[in-house]
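Residue numbering restarts at 1 for every chain, and letters A, B, ... go by the order of the sequence lines. All values reported here derive from a predicted model rather than from experimental measurement.
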Protein chains: 2
Amino acid sequence: MRQTPTEAALTPLEARPSFLLSQLGRYAAERFAHQLRPLGLQPRHFGLLLQLSRAEGQSQQQLADGLGVHRNVMVGLIDELEARGLVERRRHPGDRRANALYLSPTAQRLVQQAERVASAHDRQLVAALSADEQRLLISLLQRVAAHAGLHAGVHPGLQTTHDGEPHAAG
Amino acid sequence: MRQTPTEAALTPLEARPSFLLSQLGRYAAERFAHQLRPLGLQPRHFGLLLQLSRAEGQSQQQLADGLGVHRNVMVGLIDELEARGLVERRRHPGDRRANALYLSPTAQRLVQQAERVASAHDRQLVAALSADEQRLLISLLQRVAAHAGLHAGVHPGLQTTHDGEPHAAG
DNA sequence: TATTGTTATACTCTATAACTATA
DNA sequence: TATAGTTATAGAGTATAACAATA
């Protein structure tokens with residue numbers, strides 16, 4: 001009994017890098033969201049606050065560009081955070097159409113807390129690897145991400161408006 | 001000027017394994033979906049057909065369990081594939097409540113094609129790495145996935161009914 | 001004419017509950 | 001009483017278009 005001619009690569013999914021990445025990425029995101037919940041934050045809020053903590057006074061459009069979300073979505077995100085007293089809309093000095101965004105002291109402390117949650121989550125996620133292996137994994141992932149043309153720190157899950165082709169990977 | 005006491009780990013996102021995994025996982029999934037589109041399939045269809053090609057005659061419930069989706073969702077998936085003549089519902093020999101699912105010859109060829117698309121996608125994704133590094137990456141990811149308690153080949157993105165805690169990672 | 005913030009609308013996904021026919 | 005398949009409904013998330021104020 002010979003091989004079926006139509007027999008192709010029957011690579012099990014769990015040996016495919018794309019499946020492993022997708023599976024683990026989804027898991028990591030869910031898990032992070034869960035551990036962040038006690039702070040009343042979702043991962044997207046964390047990203048927003050983090051970006052804003054790097055440079056306050058940004059407009060909603062600037063922040064949206066930096067995070068890779070559409071400005072329409074940004075309105076709702078800022079609404080939520082402003083309602084909780086974490087972000088403040090002030091008048092933009094140079095452009096009367098735009099809002100200048102600022103963090104409250106509470107939000108600044110919250111970002112620190114969320115960073116600690118993220119670090120704990122990271123440690124837990126790769127706990128099966130040695131310190132050397134952890135560094136190696138990060139380095140390999142960074143190279144794959146760079147080759148894919150992914151912007152550092154910009155999450156495609158927040159991305160909006162895919163004009164068909166999702167980026168381009170030489 | 002000394003360090004601010006509230007200063008915490010300001011690890012950039014692009015150095016966090018969880019962020020890299022989530023970012024790359026999302027990218028890989030989108031990209032795979034895009035490359036699969038010419039076949040008229042979504043990744044979930046591919047997973048279904050693949051699972052069914054391993055063992056035909058399964059019930060919808062069995063297949064749902066194997067893929068980690070709810071049986072309600074399975075109805076719609078099978079509906080779509082049956083309408084395209086890829087999957088057939090037959091009467092289950094042992095249980096008159098259940099359907100026994102079978103692939104058409106067209107579907108069997110389509111699975112082969114989809115596997116080739118997946119392999120090409122994988123090669124492209126990790127093209128920045130040497131062959132040794134590719135194997136290393138897969139091995140590291142598999143260990144992380146095993147430690148997270150992820151079932152081999154079951155994608156959390158298809159999962160349904162999270163009772164709060166997403167799995168458990170020692 | 002283009003851009004910022006905003007609102008409204010539609011569309012996809014997903015979660016939940018309920019129903020039927022069987023077991 | 002529980003299970004397989006099915007259907008309906010509600011909710012989240014996202015995409016698109018449009019509008020007023022300003023550049």
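- Residue R71(A) places none of its side-chain N or O atoms closer than 4.0 Å to OP1 or OP2 of dA15(D).
- If you measure from atom CG of L101(A) to atom C1' of dG5(C), you get 11 Å, rounded to the nearest angstrom.
- In this structure, E88(B) contributes its side chain and L101(B) its backbone to no donor-acceptor pair below 3.5 Å.
- A straight line from CZ of R89(B) to P of dA4(D) spans 15 Å, rounded to a whole angstrom.
- Distance M74(B) CE to dC13(C) P: 16 Å, rounded to the nearest Å.
- Contact check of residues 48-65 of chain B against DNA chain D (heavy atom, cut-off under 4.0 Å) returns S59(B), Q60(B), Q61(B).
- With salt bridges taken as basic N to acidic carboxylate O contacts below 4.0 Å, none links R90(B) and E56(B).
- Sorted pairs that involve residues 87-119 of chain B and meet ring pair (Phe, Tyr, Trp, His ring centres under 6.0 Å), not counting sequence neighbours, are lacking altogether.
- The stretch residues 90-99 of chain A touches DNA chain D through D95(A), R96(A), R97(A), each having a heavy atom within less than 4.0 Å of the strand.
- Shown here are the side chain to side chain contact (heavy atoms under 4.5 Å, CB included) partners of R143(B), two or more places apart in sequence or in another chain: L129(A), E133(A), S139(B), L140(B).
- Taking atom NE2 of H70(B) as the reference point, atom P of dT6(D) lies 14 Å away to the nearest angstrom.
- Under the side chain to side chain contact (heavy atoms under 4.5 Å, CB included) criterion, L110(B) pairs with L39(B), L41(B), R84(B), L86(B), Q113(B), not counting sequence neighbours.
- Sorted by first and then second residue, the pairs that involve residues 108-134 of chain A and meet ring pair (Phe, Tyr, Trp, His ring centres under 6.0 Å), not counting sequence neighbours, are F32(A)-H121(A).
- Put simply, the side chain of Q51(A) never gets that close to the backbone of L63(A): no donor and acceptor are under 3.5 Å apart.
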- Message: What verdict does the side chain to side chain donor-acceptor pair (under 3.5 Å) test give for R89(A) and Q60(A), after you've listed the backbone C-alpha separation in whole Å, the side-chain angles of each residue and the deciding distance to 0.1 Å?
- Response: CA-CA 9 Å; R89(A) 285 174 164 110; Q60(A) 294 182 195; 2.9 Å; yes

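- The distance between atom CZ of R44(B) and atom C1' of dC13(C), rounded to the nearest whole Å, is 7 Å.
- Below the 3.5 angstrom threshold, one finds a donor paired with an acceptor across the side chain of N72(A) and the base of dT16(D).
- Donor-acceptor pairing under 3.5 Å is recorded for the side chains of S119(A) and R16(B).
- In this structure, CG of L67(B) is placed 16 Å from C1' of dT14(C), rounded to the nearest angstrom.
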